[in-house]
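This report concerns only the one structure given below.
Just so we're clear, the structure is a prediction, and the values are computed from it rather than from any experiment. In this chain, numbering begins with 1 at the start of the sequence shown. All heavy atoms count here, side chains included; hydrogens, waters and symmetry mates do not. Both ligands and their constituent atoms are indexed starting at 1 by order of listing.
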Amino acid sequence: MGVWQLIKSQFICLLLICYVFLVSGLIINLLQLCTLPLWPISKQLYRRINCRLGYSIASQMVALLEWWSGTECNLYSHPESYKYFGKESAIVVLNHNIEIDFLCGWTFCERFGVLGSSKVLAKKELAYVPLIGWMWYHLEIVFCKRKWEEDRRTVAQSLQNLRDYPENFWFLLHCEGTRFTEKKHQISMQVAESKGLPKLKHHLLPRTKGFNITVQNLRGPVTAVYDSTLNFRNNETPTLLGLLSGKKYHGDMYVRRIPMESIPEDEGECGAWLHKLYQEKDQFQEEYSQTGRFPGAVLTPARRPWTLLNWLFWASVLLYPLAGLLVRLVSSGSSATILTTAALCVAVSVGMRWMIGQTEIKKGSSYGNKDAPVNNN
Ligand SMILES: CC/C=C\C/C=C\C/C=C\C/C=C\C/C=C\C/C=C\CCC(=O)SCCNC(=O)CCNC(=O)[C@H](O)C(C)(C)COP(=O)(O)OP(=O)(O)OC[C@H]1O[C@@H](n2cnc3c(N)ncnc32)[C@H](O)[C@@H]1OP(=O)(O)O
Ligand SMILES: CCCCCCCC/C=C\CCCCCCCC(=O)OC[C@@H](O)COP(=O)(O)O
C-alpha cells in the first residue's frame, strides 16, 4: 500500500470528509428553504436556482468517487446514441444490484451536465434522509410508497409537474424496485414462472407499473429511454464505505438510446416491452460475465474539475473554523466541554453511519421478499 493510499484509509480523513459534507449540506438545505418564497413568483427561477444548489451537494459524492477514490466508470455506447446525451431529457432504466449504482449514474449525469436536475423514482423512506432527502424535496423528486393503490395517483401527479421543467433532466428508474439478493431473485423468478415469462439470471423481474406510468406522463418533454446496464470488473463489490476509505473500483456501464416513439402506448404492450428489455439486459450481463465487455465502443467522457473545485471550496470554508474551534477547545482545558464535544462527534458519526447504511444491500427492505405466488404443482 502506498503512502497516499495509507493516508486515505485513515479514519480521520473519513471524519473530515463527512464533516464537510454534513455542514455544507445543512447550509445548502437552509439556502434551499430560503428559495421557497420564489415558487409563487417565478417557479422556473426557483427550479434553476435549486438545480445549482442541489449540484453543490450531489457533486461532493461524485467528487468522492471520481477524485478521492479514483474509481473508473467506463461508458460503453454507440456514436448515434452518444450524440444525444446531455442534450435531451430522458428516462434512464438501470439495473439495481450494486450499492453505489446511483453514484455511477450521478457521475455520468455530472459529465453530461445534468447532475443538478437529475431525478429518480425513489422509495418514500429516502425523503426523510437528512441532506439528500431534504435536497430532493426542492428538486421535485418523485417518491413512491410501493403501494400501487396510493402511488398511481401521487406518482402520476408528481410526474405531470415535471412536464414543464426548465432544464434537461434524466429520470432514473430501477424497475426491479429493490436491490438484487439471492432470496429476492428466487422469489421474483417464481413470479416470472407464474406469468409465463422467461427466467432472468442477473436481474430481478422488473415491475411494470412504475415504468408504464412514467412513460405515459413524460412522453413529449422526454424524448428517449436510456437503457443502462452496469457491472464491475473482477467481481468487485463496491461500497460507499470503500469509496470513503479511498478504494478504487472499475465500473462499466452500457447505455443505448431508445427513442420514445418506439415504446408502445398501450399499458399491456408497454409492460411486455419492458420484460423484453430486461431479457436483453440479462444477455448483456451474460456477455459481460463471459467476455468482460459490453457491446458498443468505449466512449467515456473525461471527468470535469467542477466537482473537485466545489469540494475544495466547501473544505476551505469549513475546515479552518473547525481547526480554530478544536484549538480553543483543547486550550480551554474544561473537561465538561471536551466531553460534550466528543459526545456530539460520536452522535454525528452514528448519524452519518446510518445514512451510509441506506445504501447497503444487507440493510435493504423486505420489499420483494414476499409476494411469491402459491405454487400449485
Ligand atoms: C449516459 C449515461 C446514462 C445513464 C446514467 C445513469 C443514471 C443516472 C440518472 C439519474 C440519476 C438520478 C438520481 C440517482 C440518485 C439516487 C437515487 C437512488 C436510488 C433510489 C431508488 C429507489 O428508491 S428504488 C425503489 C423505488 N422505485 C421503484 O420501486 C420503481 C419500480 N417499482 C414499480 O414500478 C412499482 O410498480 C410501483 C412502485 C409503481 C408500485 O409498486 P407495488 O408493489 O405497489 O405494485 P407492483 O406492480 O410492483 O406489484 C404488483 C405486481 O407485481 C407482481 N409481483 C409480485 N411480486 C413480485 C416480485 N417479487 N417481483 C416482480 N413482480 C412481482 C405482481 O404479480 C403484480 O403483477 P401485475 O402483473 O398484477 O401488475
Ligand atoms: C462527500 C461524501 C460524503 C459521504 C457521506 C455519504 C453519506 C450518505 C448520504 C446519503 C445516502 C443516501 C443515498 C440515497 C440513495 C440510496 C439509494 C438506495 O440505495 O436506495 C435503495 C432502494 O433503491 C431500494 O431499497 P431496498 O432494497 O428496498 O431497501
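Only side-chain heavy atoms of C109 come within less than 4.0 Å of ligand 1; its backbone N, CA, C and O stay farther off. At a 4.0 Å heavy-atom cut-off, ligand 1 touches R146 through backbone and side chain alike. At a heavy-atom cutoff of 4.0 Å, ligand 1 is contacted by the side chain of F85 but not by its backbone. For R353, no heavy-atom contact with ligand 2 is shorter than 4.0 Å. Residue contacts with ligand 2 for H174 are absent, since no atom lies close enough (heavy atoms, distance under 4.0 Å). Heavy atoms of K363 found under 4.0 angstrom from ligand 2: none, in either backbone or side chain. With a heavy-atom cut-off of 4.0 Å, K119 touches ligand 1 through its backbone alone. Looking at H96 against ligand 2, only its side chain comes within 4.0 Å, counting heavy atoms. If you look at R179 next to ligand 2, the close heavy atoms, those under 4.0 Å, come from the backbone and the side chain alike.
Between the side chains of S365 and K123, no donor N or O sits under 3.5 Å from an acceptor N or O. At a cut-off of 3.5 Å, with distance as the only test, a side-chain donor of S56 or N310 sits close to an acceptor on the other residue. With no hydrogens or angles considered, no side-chain donor-acceptor pair links S59 and W306 at under 3.5 Å. In summary, the side chains of Q283 and Q279 do not present any donor paired with an acceptor at a separation below 3.5 Å, with no hydrogens or angles considered.
Residue-ligand proximity, G364 to ligand 2, at heavy-atom distances under 4.0 Å covers atoms 29 (O). Contact atoms of ligand 2 toward S365: 26 (P), 28 (O), 29 (O) (distance under 4.0 Å to a heavy atom of the residue). Within ligand 1, counting atoms from 1 as listed, the ones closer than 4.0 Å to a heavy atom of L205 are 61 (C). The R146 neighbourhood of ligand 2 comprises atoms 28 (O), with distances under 4.0 Å to a heavy atom of that residue. Under a 4.0 Å criterion applied to the non-hydrogen atoms of I132, ligand 2 contributes the atoms 10 (C). Applying the 4.0 Å criterion to heavy atoms of K147 picks out, from ligand 1, the atoms 44 (O). Proximity to A122 (heavy-atom distance under 4.0 Å) selects the following atoms of ligand 1: 22 (C), 23 (O), 26 (C). Those atoms of ligand 1 with a heavy atom of L121 less than 4.0 angstrom away are 22 (C), 26 (C), 27 (N), 30 (C). Close approach of ligand 1 to F108 (heavy-atom distance below 4.0 Å) involves ligand atoms 2 (C).
Residue contact check for ligand 1: F143 places no non-hydrogen atom closer than 4.0 Å to it. Not a single heavy atom of L204 sits less than 4.0 Å from an atom of ligand 1. Under the 4.0 angstrom criterion for non-hydrogen atoms, Y367 is in contact with ligand 1. Residue contact check for ligand 1: E125 places no non-hydrogen atom closer than 4.0 Å to it. The closest approach between a heavy atom of K145 and any atom of ligand 1 is not below 4.0 Å.
Of the listed options I17, I57, N369, T359, I17 places a heavy atom closest to atom 2 (C) of ligand 2. Scanning T107, L299, L126 for the heavy atom closest to atom 20 (C) of ligand 1 points to L126. By heavy-atom distance, the residue among Y82, Y254, F171, W148 lying nearest atom 45 (O) of ligand 1 is W148. Among K195, R179, K124, the residue whose heavy atom sits closest to atom 70 (O) of ligand 1 is K195.
The shortest heavy-atom contact between S77 and V255 is OG-O, 2.7 Å. Pairing each heavy atom of Y82 with each of P301, the nearest pair is OH-CB, 3.6 Å.
Between K247 and E236 there is no salt bridge, since no side-chain nitrogen of the basic residue lies less than 4.0 Å from a carboxylate oxygen of the acidic one. Under a 4.0 Å N-O distance rule, the pair E280/R256 qualifies as a salt bridge. For the pair E140 and K43, the salt-bridge criterion is not met [side-chain N within less than 4.0 Å of a carboxylate O]. The pair E66-R303 does not count as a salt bridge, with every side-chain nitrogen at least 4.0 angstrom from each carboxylate oxygen. Using a 4.0 Å cut-off between charged side-chain N and carboxylate O, E360 and R353 make a salt bridge.
For a threshold of 3.5 Å applied to N or O pairs, the pair formed by R207 and ligand 1 contains at least one separation below that value. Remark: ligand 1 and G105 share no N or O pair separated by less than 3.5 Å (distance only, no angle test). Where the criterion is an N or O separation shorter than 3.5 Å, residue side chain and backbone included, K209 meets it with respect to ligand 1. Considering backbone and side-chain atoms together, E176 places no N or O closer than 3.5 Å to any N or O of ligand 1. Every N/O-N/O distance between W136 and ligand 1 stays at or above 3.5 Å. Remark: ligand 1 and H96 share no N or O pair separated by less than 3.5 Å (distance only, no angle test). In terms of polar-atom proximity, defined here as any N/O pair under 3.5 Å, Q60 makes no such contact with ligand 2.
Test Y165, F169, F171 against S89 for side-chain contact (heavy atoms from CB on, under 4.5 Å) and you get one pass: F169.
In terms of protein heavy-atom proximity, atom 4 (C) of ligand 2 is closest to L244 CD2, 4.0 Å. Nearest protein neighbour of atom 14 (C) of ligand 2, counting heavy atoms only, is W136 CH2, 4.2 Å.
Cation-pi contact between K281 and Y278: present, with separation from the ring centre below 6.0 Å and deviation from the ring axis of at most 45°.
Counting heavy atoms from C-beta outward, E167 and R47 have side chains that stay 4.5 Å or more apart.
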| message | Apply side-chain contact (heavy atoms from CB on, under 4.5 Å) to residues Y55 and M135 and explain how you reach the verdict. | response | CA-CA 10 Å; Y55 177 89; M135 161 187 95; over 6 Å; no

| task | Any chance you could lay out the salt bridge (charged side-chain N to carboxylate O under 4.0 Å, His left out) test for K201 and D282, step after step, and finish with the verdict? | result | CA-CA 7 Å; K201 187 171 166 191; D282 220 47; over 6 Å; no

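Using a 30° and 60° split on the angle between ring planes, F112 and F108 fall in the tilted class, from 30° to 60°. The aromatic rings of Y46 and H138 sit tilted relative to each other, their planes meeting at an angle between 30° and 60°. Classification of the F143-W136 ring pair by plane angle, with boundaries at 30° and 60°, yields tilted.
Here M253 contributes atom CE and T107 contributes atom OG1; the two are 9.0 Å apart, rounded to the nearest 0.5 Å.
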